[in-house]
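Reading through the structure tokens given below for one structure.
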Protein chains: 2
Amino acid sequence: MGAFYQDEDRHYVALDCIIFGFDAGELKLLLLKRKFEPAKGEWSLMGGFLKNYESLDEGARRILLQLTGLTNIYMEQLQSYGDVNRDPGERTISIAFYALIKVDENDRKLAEAHGAHWISINKVPTLIFDHNKMVEKALKTLRNKIVTKPIGFELLSEKFTLPQLQSLYEAINQEQLDKRNFRKRILETGLLDKMDEKEKGSSKKGAFYYMFNKEKYRMFAEMGFHFQMKVKKDALIKMNT
Amino acid sequence: MGAFYQDEDRHYVALDCIIFGFDAGELKLLLLKRKFEPAKGEWSLMGGFLKNYESLDEGARRILLQLTGLTNIYMEQLQSYGDVNRDPGERTISIAFYALIKVDENDRKLAEAHGAHWISINKVPTLIFDHNKMVEKALKTLRNKIVTKPIGFELLSEKFTLPQLQSLYEAINQEQLDKRNFRKRILETGLLDKMDEKEKGSSKKGAFYYMFNKEKYRMFAEMGFHFQMKVKKDALIKMNT
DNA sequence: AATTTAAGTGTTTTTAATACACTTCACACG
DNA sequence: CGTGTGAAGTGTATTAAAAACACTTAAATT
């Protein structure tokens, strides 16, 4: 069996971040036009190597901080990628994370200094290595997750209106929703607190601000309840007859 | 910025496998009583180090082959684990996979030679490192996945009866299902082919064998249809009034 | 005062999920 | 050989959830 730990079994471990934002009614990604080698000038996700003193999450947060200047970011591990030749330089394992950030709060200056740009999810360019695959998977995961977990709020400012929230769901799932059904369902969760203030940017009447009540959600999640914000029903297989 | 690839950034990458089986009406895990150091005598998942010539999937399949002698195993990546001190020996990243195998086909001799045992999911002992966390996550993932993907069949022999299939769903989700509703729903997918033959082991009347039609499923999945084998409805949050 | 524009509001219809009980088959046993 | 036994197999009625649908309100603008 030989020595248990063998040096040749060590690998580079990269952490790559798929960073989602919501802006101007569109779901966007923060992508990098690389300013350095390798692959200078090409588009990629923000990434970096895992250090021996940090956990995977810590490493991913370090990388997000570098690019955005933000610390309290919603982030989830997506999936690991390890094809032998995925990185043409050295054999590198990549562990992908996705993050949801509030674009307004984001330090755009810092992002720009790294050559980062917000790109609509519908216009993602060809990225280096297997990064497009990661983006695809992250988007799929986000679409699934947003219907069972109250994470949409991570993409909006703390105060948001129902039309904004609906437009977010529509942008993520690429489908129109009925206003009445949407409001009914989201409000009957009881997780939104209505503010007195109105948002006046997009209409004369103005739409009331709401806030997501994290504390209420925490309580009810603990009691075994599940958030559920159904979108359209999938067609089922029914092939008899 | 210094050299791009730095030796100190290299890490051990382990692959750990959560192996599910279904036997005697119970969902089980193939666990190892370790016959060698480190942690000799303790229970663990089957695992090994990633080699530099193999992808993550290939590595996981190599490990599954070692323990079970099987090659065509259903397997999915679960999640990576990278806390700095998760392995008390060396800093090791672990990428966990879960697998579904048909216990009957499994070479029990080979498994036993490795000190492997089938343990009911309800009686999982304390495992080394963070392996219990992996098992928890795998179980949750399996429970979610089995309602939207036709993977239950991977745990049964090629030919199976509807009572067997129902009992599998009941074991995984730990709940009783109505026989009539279950049969109705699974049959109306049109994905099961009825055989002429009957299984006589567990009743005088005998239950007809069925087979999952992979080809039909592939076609309809390509057309954008989704498998859906709903179990009980989760309680939704409704906390108004 | 009239016009404009998006916000806000309930009810009906349709579809899917659930609950529920008897019959059939084939073997075993007297 | 016919009667009992035990699991397999089958259909309908009820309930609950999702979807479809159109008008009113608020506030700013001219």
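Within the nucleic acid shown, B/Lys200 comes within 4.0 Å of sugar-phosphate atoms alone, with no base atom in reach, counting heavy atoms only. Residue contacts for A/Lys184: at a heavy-atom cut-off of 4.0 Å it reaches a base atom on one of the strands shown. Within the 4.0 angstrom heavy-atom criterion, no nucleotide atom of any strand lies near B/Thr161. Counting any heavy atom pair closer than 4.0 Å across all strands shown, A/Lys179 reaches a base atom.
Between the CD1 atom of B/Ile186 and the P atom of D/dG9 there is a distance of 14 Å, given to the nearest Å. A straight line from CG of A/Leu162 to P of C/dG8 spans 6 Å, rounded to a whole angstrom. Spacing between atom CG of B/Leu177 and atom P of C/dT18 amounts to 10 Å, rounded to whole angstrom units. For A/Met229 and D/dA18, the CE to C1' distance is 12 Å, given to the nearest whole Å. Look at CD on A/Glu188: it is 12 Å from C1' on D/dA16, rounded to the nearest Å. Atom-to-atom, CG of B/Leu165 to C1' of D/dA7 comes out at 17 Å; the value is rounded to the nearest Å. Rounding to whole angstrom units, CD of residue A/Gln176 and P of D/dA19 are separated by 15 Å. Residue A/Phe208 contributes atom CZ, which lies 7 Å from atom P of C/dG8 at whole-angstrom precision.
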Check against side chain to side chain contact (heavy atoms under 4.5 Å, CB included), B/Leu165 and B/Leu168: CA-CA 5 Å; B/Leu165 186 62; B/Leu168 170 64; 4.3 Å; yes

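Place A/Ser203 and A/Arg180 on DNA chain D by their nearest nucleotides, and A/Arg180 ends up nearer the 5' end. Judged by closest nucleotide on DNA chain D, A/Asp178 is the one of A/Asp178 and A/Lys198 placed further toward the 5' end.
Checked by distance alone, A/Lys205 brings no side-chain donor or acceptor within 3.5 Å of a matching partner on the base of C/dT5. The base of C/dA17 does not come close enough to the side chain of B/Asn181 for any donor and acceptor atom to sit less than 3.5 Å apart.
Applying the side-chain contact (heavy atoms from CB on, under 4.5 Å) rule to B/Lys159 yields the partners B/Met195, B/Glu197, B/Tyr209, B/Met211; only residues at least two apart in sequence or on another chain are considered.
Comparing D/dG9, C/dA7, D/dA18 against the side chain of A/Arg185 picks out D/dA18 as the nearest.
Atoms CG and OG, on B/Asp16 and B/Ser44 in that order, are 7.5 Å from each other to the nearest 0.5 Å.
Looking at A/Tyr210, A/Phe160, A/Tyr74 one by one, the single match for ring pair (Phe, Tyr, Trp, His ring centres under 6.0 Å) with A/Phe153 turns out to be A/Phe160.
Here the closest non-hydrogen pair linking B/Arg183 and B/Pro163 is NH1-CD, 4.3 Å.
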